[in-house]
Amino acid sequence: MPENERAPRAVDTHCAYCALQCGTRLTHDPAGRVSAQPLPDFPVNLGGLCQKGWTAPALLTVPDRLRAPLVRGPGGTLAPATWDDALDLVAARLTRLRAEHGPDSVAVFGGGGLTNEKAYALGKFARVALGTSQIDYNGRFCMSSAAAAGNAAFGLDRGLPFPVSDLGAADVVLLAGANPAETMPPIMRHLTAPRLIVVDPRRTRTAAQAALHLQPVPGTDLALALGLLHLAVTEGHLDRAYLDARTTGFEAAWQRAAAWWPERVEGVTGVPAADQRAAVRMLAEADRAYVLTGRGAEQHSKGTDTVSAFVNLSLALGLPGRPGNGYGCLTGQGNGQGGREHGQKADQLPGYRMIDDPAARAHVAGVWGVDPASLPGPGRAAYQLLDALGTEGGPRALLVLGSNPVVSAPRAAHVARRLAALDLLVVADFVPSETTELADVVLPVAQWAEEEGTMTSLEGRVLRRRPVLAPPRGVRTDLQVLNGLAVRLGQPAERFPTEPRAVFDELRRASSGGRADYAGISWERLDAGEALYWPCPEVPGGGHPGTPRMFLDRFAHADGLARFRAVDHREAAEAPGAGRPLYATTGRVPAQYQSGAQTRRVPELLAAAPETHVEVHPDTAARHGLREGGLARVTSARGSTVARVRLVPGLRADTVFLPFHFPGEGRANLLTGDALDPVSGMPEFKLSAVSIEPLRERTT
Ligand SMILES: Nc1nc2c(c(=O)[nH]1)N[C@H]1C(S)=C(S)[C@@H](COP(=O)(O)OP(=O)(O)OC[C@H]3O[C@@H](n4cnc5c(=O)[nH]c(N)nc54)[C@H](O)[C@@H]3O)O[C@H]1N2
Ligand SMILES: Nc1nc2c(c(=O)[nH]1)N[C@H]1C(S)=C(S)[C@@H](COP(=O)(O)OP(=O)(O)OC[C@H]3O[C@@H](n4cnc5c(=O)[nH]c(N)nc54)[C@H](O)[C@@H]3O)O[C@H]1N2
Ligand code: SF4
Ligand SMILES: [Mo]
């Protein structure tokens, strides 16, 4: 009997990939072939999908799908094993490590692509079944700087504190370091009417649609944002009434910005003073304006302060918490929002509770049925965690769910060495990846359109993910994997439910009363089509409407006020100089997703973007002897990467750009370093000093 025979024929769900979570209808024909169509009435994608969304069903039939657990044998190769053998082996080795070296010898690394239920169960598994403090996740590499700045300013971090569809009514939208025309194409349907100000060293597809494109030197957005605040004040655009009624801390922030007059800012950023003035005028004269940040401004060793500077600008103009206006961060991963709320972060418990808060520990321990004193404290943030693996005093085993750090972590060659130094690396995935290649045990799991769950999109709306197919034989769900391991580690089976809906109901209780409160959101309400945005607390009689727009009356700090943060510009961890004359920055191309583990397996996407490339300005190419289509070696203080040259006149001449989706010697992260933001732990993905030279094509 075909394994999918009893599955439904068409389901309405959401895309496999990014945080826009476009509504899709998946249909499968009698032969089991699945196709995706946009849901015409879902307000976020308005009938659009990007190329990745259209082709996502191909993920369900990739030829090298993992279908059996793999265990590394004495000869060093991965060989198929039964589930019992694989889980028994993992549990036995974890038990031994814990007995010999203590609970923190075992670490967990999660992902922002995991459903809410998985992220929640993973955090609980780490704290309860393993008793380890050593858990963090790849969201640290994503929007953590914006989250830190949002928490500081507003007392709460929800990427977009308003629905995406509100953007369509704006007059002006400033996009700092975001390229949504290539990273979230359907969102551009909401950005046709507003005039765009785009801040990006490259003339991206987004920048090409802008009324004003500011092209700063990489790593100088903080100076630029200070300069824009300076002009907002000196040109008389300060919203005094809003400042007095809704904010605190302006004076200290202004003292720093006062020193950033336009000509000084031009000297540092390269953005002409006239363009700075034009940007401030556009924002200030708009009735409705938004300031949005993306990874270009955030993925720096000063990412948090940079976002704070943009938030300060938006506060000075009176935007946040005013209908039709606001500040937001464009969260990236499918569940990048929910993934940061339910406790897979080193310092957090579910509901955005802090793990060092006694009341939070008591509440969550109560839901989990354990002693609050048994819960560990905060652990290491993602890069520090990866860097500590296999070192004296560091974790000796790692369980990875939903990330491929061999490609996506900064200083990737070093991270791969740390992974190789572990006593035990266990990776759950549905496809082979550069990280499963290093694993001692690989656990094959169900994916996206094969299981139930919920996701929380970039606008804070909780969505139902539904299966169109049953998982292939031999494959288990992540929840079943966690249950199987927990039981073998001595936990009662019912403490780790395998039904997503049961996990969601527990998550609701765990989040109840927390800042990200899901208690009032039920599967029935979601299945009835209600648009529910958190916070959505339980109220007598039920039916809390959720919170599409936050901060309209007050911000989430105890006094209800938003806080300016007094920040100042500082240099990046390194600067171009003799020998390494160029900035290298990194990012995305439309046809590949993240580490590429999924999209490099989709034939249409691989055809569209088959290998890595480096964008170089034609003048720079001429100076370095590079030609279009030739190979180049790009070298930083960490190492080299090899990429095909693409001549791009719209790029700054002092900057080259590489996508990070490719493996092996094409990894952009062979260049990136270990400089981290002191507040968020965000790496400096967007800036390395490099040299570039032509490489002769290898002949065999
Ligand atoms: N096709 C595709 N779409 C994706 C993803 C993907 O991998 N592929 N990933 C998803 C995820 S997880 C995320 S986080 C989002 C990210 O979405 P974006 O933030 O839009 O993506 P990036 O390409 O990382 O960075 C945006 C821009 O920052 C610019 N930039 C580089 N350095 C600087 C700088 O110093 N200052 C400024 N102002 N800009 C700079 C780059 O040139 C780039 O165009 O995309 C999501 N969507
Ligand atoms: N140089 C550079 N590096 C970057 C960035 C950059 O801009 N420049 N961006 C950073 C950002 S924003 C991000 S978000 C990270 C992302 O980088 P990664 O963390 O590597 O993210 P993915 O490639 O999405 O990896 C997800 C892996 O988990 C698997 N997976 C997906 N869903 C599930 C699931 O439900 N369960 C399990 N068990 N596995 C699953 C996929 O098959 C894939 O192998 O990269 C960061 N790295
Ligand atoms: S924009 Fe994001 S959610 Fe929408 S189809 Fe593309 S990858 Fe999927
Ligand atoms: Mo991301």
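Whatever order the structure lists ligands and atoms in, that order sets their numbers, starting from 1.
Of all the atoms in ligand 1, the ones that sit under 4.0 Å from a non-hydrogen atom of E182 are 1 (N). Distances below 4.0 Å separate heavy atoms of T585 from the following atoms of ligand 1: 31 (C), 32 (N). Interface of Q21 with ligand 3, defined as ligand atoms under 4.0 Å from a residue heavy atom, comprises 3 (S). Annotation for ligand 1: atoms under 4.0 Å from non-hydrogen atoms of K686 are 22 (P), 24 (O), 25 (O), 31 (C), 32 (N). In summary, the atoms of ligand 3 found under 4.0 Å from a heavy atom of K52, numbered by their order in the structure, are 7 (S). For ligand 3, the atoms lying closer than 4.0 Å to a non-hydrogen atom of G53 are 5 (S). Of all the atoms in ligand 3, the ones that sit under 4.0 Å from a non-hydrogen atom of Y17 are 7 (S).
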**Request:** Apply side-chain contact (heavy atoms from CB on, under 4.5 Å) to the pair M143 and Q333, showing each step before the final yes or no.
**Result:** CA-CA 9 Å; M143 35 26 72; Q333 298 185 83; over 6 Å; no

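Backbone and side-chain nitrogen or oxygen atoms of H300 are examined, and one is located within less than 3.5 angstrom of a nitrogen or oxygen of ligand 1. Checked by distance only, ligand 1 and T183 come closer than 3.5 Å through their nitrogen or oxygen atoms. In terms of polar-atom proximity, defined here as any N/O pair under 3.5 Å, K52 does make such a contact with ligand 1. Taking only nitrogen or oxygen atoms, main chain and side chain alike, Q333 does not reach within less than 3.5 Å of ligand 1. Close N/O approach between G332 and ligand 1 is not found [any backbone or side-chain N/O within under 3.5 Å]. Between C18 and ligand 1, no N or O atom pair is found at a separation short of 3.5 Å. Distances between N or O atoms of Q594 and those of ligand 1 include at least one value under 3.5 Å.
For atom 1 (S) of ligand 3, the closest non-hydrogen atom of the protein is P186 CD, 3.5 Å. From the protein, the heavy atom lying nearest to atom 2 (Fe) of ligand 3 is C18 SG, 2.3 Å. The protein atom (non-hydrogen) at minimum distance from atom 35 (O) of ligand 1 is G219 N, 2.9 Å. The shortest contact between atom 23 (O) of ligand 1 and any protein heavy atom is with R588 N, 3.1 Å.
When non-hydrogen atoms are compared, ligand 1 lies under 4.0 Å from the side chain of C142 (C-beta onward) but not from its backbone. Residue contacts with ligand 3, taken as heavy atom pairs separated by less than 4.0 Å, do not involve A19 at all.
For the 3.5 Å distance criterion, the side chains of N669 and T672 qualify, holding a donor opposite an acceptor. A donor-acceptor pair shorter than 3.5 Å can be found between the side chains of T454 and N116.
Under a 4.0 Å heavy-atom criterion, H661 is in contact with ligand 1. Ligand 1 has no atom lying under 4.0 Å from any heavy atom of M143. At a 4.0 Å cut-off, at least one heavy atom of V589 sits close enough to ligand 1 to count as contact.
No more than 12 heavy atoms of other residues, nucleotides or ligands lie within 6.0 Å of CZ in R25, so this atom counts as exposed by the packing criterion. Other residues, nucleotides and ligands contribute more than 12 heavy atoms inside 6.0 Å of the CZ atom of R264. Residue R195 places its CZ atom among 12 or fewer non-hydrogen atoms of other residues, nucleotides or ligands, all under 6.0 Å distant. Shown here is E604, whose CD atom has no more than 12 heavy atoms of other residues, nucleotides or ligands within 6.0 Å. The environment of R570 atom CZ is dense: over 12 non-hydrogen atoms of other residues, nucleotides or ligands sit within 6.0 angstrom.
C15 lies apart from atom 2 (Fe) of ligand 3 in this respect, since none of its N, O or S atoms is found at a distance under 2.8 Å.
Annotation: F685 is not in aromatic contact with F660 [ring centroid separation under 6.0 Å not met].
Using a 30° and 60° split on the angle between ring planes, F141 and F109 fall in the tilted class, from 30° to 60°.
For the side-chain hydrogen bond (donor to acceptor under 3.5 Å, both in side chains) with T331, the qualifying choice from E459, R158, R340 is R340, the only one to do so.
Using modelled atom types, no side-chain atom of H213 and backbone atom of Q209 make a donor-acceptor pair closer than 3.5 Å. The backbone N or O of P410 sits nowhere less than 3.5 Å from a side-chain atom of R638 that would complete a donor-acceptor pair.
Summarising the contacts of atom 4 (Fe) of ligand 3 with P590, C50, C22, the nearest heavy atom is found in C22.
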